[in-house]
Amino acid sequence: LEKGKNLVYPDKYLALVGEGLAKKLNIKLNDYITVLTNTVDGSINAIDFKVKGIISTGIKDYDAITIITPLEPAMEIVDVKGIQRLIIFLENTKYVDLAYKEIQSAIINYPLKAIRWEELATEYHKIKKLYENFLRITGSIIIVIIIFAIANSITTTILERIKEFA
């Protein structure tokens, strides 16, 4: 949260706006914005929100398109009765295991499914593996260069001093 305050229940028609979007549209705290979107059946719907805060995630492209609203008006604007996916953000990844266990126990009697971020982030794991392999190869090449440099120094020293021993 860069400016303003976070959304707290029962805030209904308040929103947080991404920093890039706020700059692009010259949106300031306490301004009113109209969010216009298609409903699930294809018609157009709009709702006015009061800007309660400006957020920055550190991802410029995401901040340029983000508006965060409470769930109820978000469902109202797209004309749906339920949610398909609920994403929970934690302040620190060390709480993921605890949060996952709590969520699993809370939804045990409902036809819901909790999925950890690692299961959804397949590209993250591929890129991580690529970088790990790249670093291994680069590290191996550097070690080989160091071994050859040391061997060269030792060989040169021995060949220069061999006349003194013979």
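Because the structure is a prediction, the values reported are computed rather than measured.
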Item to complete: Could you walk me through whether Val17 and Ile33 pass the side chain to side chain contact (heavy atoms under 4.5 Å, CB included) test, one step at a time?
Response: CA-CA 10 Å; Val17 178; Ile33 58 172; 3.9 Å; yes
Item to complete: May I ask whether Leu14 and Leu71 are part of the same hydrophobic cluster, defined by side-chain heavy atoms of I, L, V, M, F, W, Y residues being less than 4.5 angstrom apart, directly or through others?
Response: no
Worksheet entry | Asn38 and Ile44, any side-chain heavy atoms less than 4.5 Å apart | yes
Item to complete: Measure from the side-chain N and O atoms of Ser43 to the backbone N and O of Thr39, and report whether any donor-acceptor pair falls under 3.5 Å.
Response: no
Discussion item. I want to check something: taking the side chain as every heavy atom from C-beta on, are Ile103 and Ile88 in contact at a cut-off of under 4.5 Å?
Written reply: yes
Practice prompt. Kindly give the heavy-atom pair with the smallest separation between Leu16 and Lys52, and that separation in Å.
Written response: CD2-C, 4.3 Å
Discussion item. Same cluster or not: Leu7 versus Met75, using hydrophobic residues (I, L, V, M, F, W, Y) connected whenever any side-chain heavy atoms lie under 4.5 Å apart?
Written reply: no
Worksheet item: Which is it for Val51 and Lys28 under the side chain to side chain contact (heavy atoms under 4.5 Å, CB included) test, yes or no, and what are the steps along the way?
Response: CA-CA 7 Å; Val51 177; Lys28 295 175 184 57; over 6 Å; no
Practice prompt. Indicate, with yes or no, if Ile27 and Ile77 share a hydrophobic cluster defined by side-chain heavy-atom contacts under 4.5 Å among Ile, Leu, Val, Met, Phe, Trp and Tyr.
Written response: yes
Item to complete: Please say whether more than 12 non-hydrogen atoms of neighbouring residues, nucleotides or ligands are located less than 6.0 Å from CD in Gln104.
Response: yes
Worksheet item: Ile67 versus Leu21: any side-chain heavy-atom pair under 4.5 Å?
Response: yes
Worksheet item: Looking at side-chain heavy atoms only, is the closest gap between Ile108 and Tyr110 below 4.5 Å?
Response: no
Practice prompt. Taking all heavy atoms of Phe49 and all of Lys12, pick out the closest pair and write down the distance.
Written response: CE2-O, 4.1 Å
Fill in: Closest heavy-atom pair and its distance - Ile107, Ala114
CD1-N, 3.7 Å
Worksheet item: Can you name the nearest heavy-atom pair linking Lys24 to Ala64, along with the distance?
Response: NZ-O, 3.7 Å
Practice prompt. Check the hydrophobic clustering (I, L, V, M, F, W, Y; side-chain heavy atoms under 4.5 Å; chains of links allowed) and say if Ile65 and Val35 are grouped together.
Written response: no
Worksheet item: Closest approach of Ala99 and Leu90, non-hydrogen atoms and distance?
Response: CB-CD1, 3.8 Å
Practice prompt. With rounding to the nearest 0.5 Å, note down the distance linking OH in Tyr131 to OG1 in Thr138.
Written response: 12.0 Å
Fill in: Heavy-atom check, side chain of Tyr9 versus side chain of Pro70, under 4.5 Å
no
Worksheet item: Between the side chain of Asp63 and the main-chain N/O of Lys60, is any donor-acceptor distance below 3.5 Å?
Response: no
Worksheet entry | Validation row: Ile55, Ile68 side chains within 4.5 angstrom (heavy atoms) | yes
Fill in: Separation of Phe148 CZ from Ile143 CD1 (nearest 0.5 Å)
13.0 Å
Worksheet entry | Residue pair Asn45 / Glu76: nearest heavy atoms and the distance that separates them | ND2-O, 3.3 Å
Discussion item. Applying a strict under-4.5 Å side-chain criterion to I, L, V, M, F, W and Y, I'd like to know whether Ile137 and Ile145 cluster together.
Written reply: yes
Worksheet entry | side chain to side chain contact (heavy atoms under 4.5 Å, CB included) assessment of Leu130 paired with Phe134 | CA-CA 6 Å; Leu130 175 74; Phe134 175 75; 5.6 Å; no
Worksheet item: So, do Lys3 and Leu1 sit near enough that their side-chain heavy atoms are less than 4.5 Å apart?
Response: no
Item to complete: Would you give the length of the straight line joining atom NE2 of His125 to atom CG of Leu120, rounded to the nearest 0.5 angstrom?
Response: 9.0 Å
Fill in: Donor-acceptor under 3.5 Å (Lys50 side chain, Tyr13 main chain)
no
Item to complete: Any chance you could lay out the side chain to side chain contact (heavy atoms under 4.5 Å, CB included) test for Tyr32 and Thr34, step after step, and finish with the verdict?
Response: CA-CA 7 Å; Tyr32 282 90; Thr34 301; over 6 Å; no
Discussion item. Less than 4.0 angstrom from a charged side-chain N to a carboxylate O is my criterion; do Glu123 and Lys126 meet it?
Written reply: yes
Discussion item. Within the structure provided, determine whether Glu19 and Lys23 are in side-chain contact (heavy-atom separation under 4.5 Å).
Written reply: yes
Worksheet item: Nearest 0.5 Å, what's the CG-CD1 distance between Asp31 and Ile54?
Response: 8.0 Å
Response to the item:
When rounded to the nearest 0.5 Å, the distance separating CD1 of Ile127 from OH of Tyr124 is 10.0 Å
Worksheet item: With a 3.5 Å cut-off and no angle check, do the side chains of Glu91 and Tyr95 form a donor-acceptor pair?
Response: no
